[in-house]
Amino acid sequence: MKMTREQRYRFIEQAEEGEIEKLKALISACSWRQSYHIQPVTGLLNDPNGFSYYQGHYHLFYQWFPLGTEHGMKYWYHVRSTDLVNWEQVGIGIRPGDTFDSHGAYSGSAIVKDDKLHLLYTGNTRDEAWIRHPYQCLAVMDESGSVVKAEQPVISSVPSGYTEHFRDPKVWQDGDTYYCVIGAQRTDMTGCAVLYRSSNLTAWEFLGEIQTHLSQFGYMWECPDYFEMNDKGVLLFSPQGIEGDGDLYNNIFQSGYLMGEPLNLQTREFDHDCFHELDRGFDFYAPQSMEAPDGRRILIGWMGLPDVEYPTDASGWAHCLTIPRQLSLKDSKLIQQPVDEMKKLRQQSEGHRYQTTLENRSETVAAFNGTAYELECEISHVDAERFGIEFRTGGEEKTVLQYDRLQQKLVLDRTLSGAPMGGKNGTVRQCMLNGDRIKLQLFVDTSSVEIFVNDGEEVFTSRIFPSPESTGIRFFASGGKAEFKATKWDY
Ligand code: FRU
């Protein structure tokens with residue numbers, strides 16, 4: 001049953017007696033809880049926020065509504081890790097409810113200054129007429145982990161020309177100067193990103209819009225992020241209001257990037273190529289990146305989308321974050337690879353192996369059964385028309401990853417993956433892929449899969465909701481033969 005607005009805009013303290021215990025009981029009976037992904041203790045998780053490194057730990061926060069699976073009063077929930085894969089639950093990071101974040105501590109980012117972690121976020125407020133007034137707010141975390149909010153917002157109004165959809169500051173440092181990008185909607189209802197500058201993180205000067213070539217590209221850009229890599233500038237953002245176009249833009253909302261010459265911080269000109277979608281799967285949104293102490297650029301996304309119902313809603317929780325991905329550049333394209341630290345989750349160093357050539361048949365591999373594992377598979381010597389892997393199989397259920405050599409497309413099909421999901425946006429996602437040799441790396445968890453193709457050229461990220469008994473796996477080739485070489489590690 002849908003919550004009323006009053007129910008959605010409640011703080012934890014306003015939960016009814018027994019309400020949280022009831023949620024926890026529902027959750028502990030849910031067979032789709034993840035085993036190695038970051039997921040909410042109760043309620044709804046959305047965007048990753050404040051991804052940073054401070055005092056020996058990676059810090060990560062997520063948008064959190066504790067009391068239900070709809071979007072309501074948002075907190076920042078805090079987790080931390082020394083290795084990006086084993087995460088410790090810290091607890092509430094930012095509690096909303098003050099004058100400038102009365103209706104939620106919305107998304108934002110973090111940066112270290114003067115040995116303190118500075119969290120820059122959007123304070124969401126609503127007036128009596130339920131009109132939104134966003135503020136960009138600052139909160140400072142010290143070594144002890146205590147978070148103190150600044151009394152006043154650091155950006156207290158929306159510049160003229162933009163609507164109240166103005167949020168998600170992502171901050172970075174360039175020499176002695178700080179910059180931040182903010183996602184915005186122009187008063188003509190088109191989306192864009194704007195740029196601010198500061199010397200101290202508290203006084204911010206509005207510089208204007210980032211001058212992209214996309215003057216009409218959706219009605220709102222959420223969660224922008226800007227960084228440079230190998231002398232290129234990359235602007236990530238999650239535009240809303242883009243129409244599907246063949247294999248592209250099939251999810252309700254998109255997320256992707258523009259790459260070009262580094263952003264000119266004086267003129268704000270950004271000379272870039274076309275918009276690239278970051279992910280080919282069904283469930284990926286609002287990613288955020290950070291620079292690790294060793295210089296790697298690491299990205300984590302929300303494995304979910306706004307305005308879509310999920311099968312776990314009835315069990316009192318929704319969504320998780322993706323595994324961390326390391327970004328690199330190849331031919332003006334972002335390559336995404338699972339961070340090397342993922343190997344720490346492997347329960348055996350060697351793994352189970354399987355090697356065979358299949359011709360017009362499929363083969364079940366019992367040693368590869370499971371619900372939480374990593375699978376690496378190279379497929380070569382192909383003359384088959386179609387070949388691939390069916391995993392999480394059982395009864396009628398299966399999730400199919402197949403290469404169609406005639407169309408030169410890699411196809412992920414979750415039509416029979418289990419509990420039905422987002423059918424109105426289709427149950428198949430695909431992309432063009434060349435080559436007679438394909439490397440697939442699958443990270444399967446109880447209710448998700450992340451597929452890295454050819455060392456991160458493409459990624460398919462998706463939730464799936466199979467029954468716990470659907471643990472099987474089959475390799476197949478039809479219309480000819482294909483050689484498979486696979487290794488599987490239990491997680
Ligand atoms: C993206 C988003 C952000 C906003 C946050 C609120 O999913 O809508 O724009 O800050 O979620 O939870």
Side-chain angles (χ1 to χ4, degrees), residues 3 5 8-11 38 40 43-51 60-78 92-97 100-110 119-126 132-139 153 155 158 162-171 180-185 191-194 218-225 236-242 251-256 278-279 283-289 299-310 318-322 461:
M3 282 184 160
R5 184 194 282 173
R8 282 187 287 122
Y9 282 86
R10 286 176 306 154
F11 301 102
I38 294 170
L44 175 136
L45 163 158
N46 56 300
D47 316 353
N49 292 159
F51 190 18
L60 179 60
F61 303 79
Y62 57 76
Q63 286 284 289
W64 184 44
F65 174 51
L67 300 178
T69 56
E70 290 168 61
H71 291 264
M73 184 64 80
K74 295 292 171 69
Y75 289 66
W76 277 35
Y77 190 91
H78 185 189
I92 293 170
I94 301 179
R95 189 181 295 278
F100 300 106
D101 58 13
S102 58
H103 290 69
Y106 274 15
S107 285
S109 53
L119 313 174
L120 194 63
Y121 69 99
T122 301
N124 183 50
T125 71
R126 298 273 195 173
R132 199 193 285 273
H133 301 278
Y135 297 94
Q136 313 311 317
C137 302
L138 181 68
I155 298 173
V158 173
Y162 304 95
T163 73
E164 78 279 11
H165 290 286
F166 194 82
R167 54 178 173 264
D168 312 335
K170 175 77 193 325
V171 61
C180 83
V181 276
I182 294 182
Q185 178 177 64
C192 66
V194 301
Y219 58 80
M220 170 65 189
W221 291 9
E222 296 192 310
C223 300
D225 187 350
L236 286 181
F237 58 101
S238 295
Q240 300 190 313
I242 309 294
N251 296 336
I252 180 167
F253 300 128
Q254 275 55 56
S255 72
L278 256 175
D279 198 279
D283 306 279
F284 184 82
Y285 196 65
Q288 185 172 93
S289 77
L299 179 101
I300 289 185
W302 168 25
M303 213 195 297
L305 284 164
D307 305 337
V308 177
E309 288 176 10
Y310 282 76
H319 312 303
C320 62
L321 297 180
T322 67
T461 299

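Counting convention: from 1, in listed order, for ligands and their atoms alike.
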First-shell residues of ligand 1 [heavy atom, distance under 4.0 Å]: Asn46, Asp47, Gln63, Lys74, Tyr106, Ser107, Arg167, Asp168, Glu222, Tyr285, Trp302
Does a side chain donor of either Tyr310 or Asp283 reach within less than 3.5 Å of an acceptor in the other side chain? yes
Should the ring pair Tyr162 and Phe166 be called parallel, tilted or perpendicular, given that the plane angle runs from 0 to 90° and is split at 30 and 60? tilted
Assess the residue pair Tyr106 and Glu222 against the criterion (side-chain hydrogen bond (donor to acceptor under 3.5 Å, both in side chains)); give the C-alpha distance rounded to whole Å, side-chain angles, the decisive distance to 0.1 Å, and a yes or no. CA-CA 11 Å; Tyr106 274 15; Glu222 296 192 310; over 6 Å; no
Backbone N or O of Ser107 within a donor-acceptor pair of the Asp47 side chain at under 3.5 Å? no
Does one side chain, of Asn49 or Gln63, offer a donor that lies under 3.5 Å from an acceptor on the other? yes
Tell me whether the rings of His319 and Trp302 are parallel (<30°), tilted (30 to 60°) or perpendicular (>60°). perpendicular
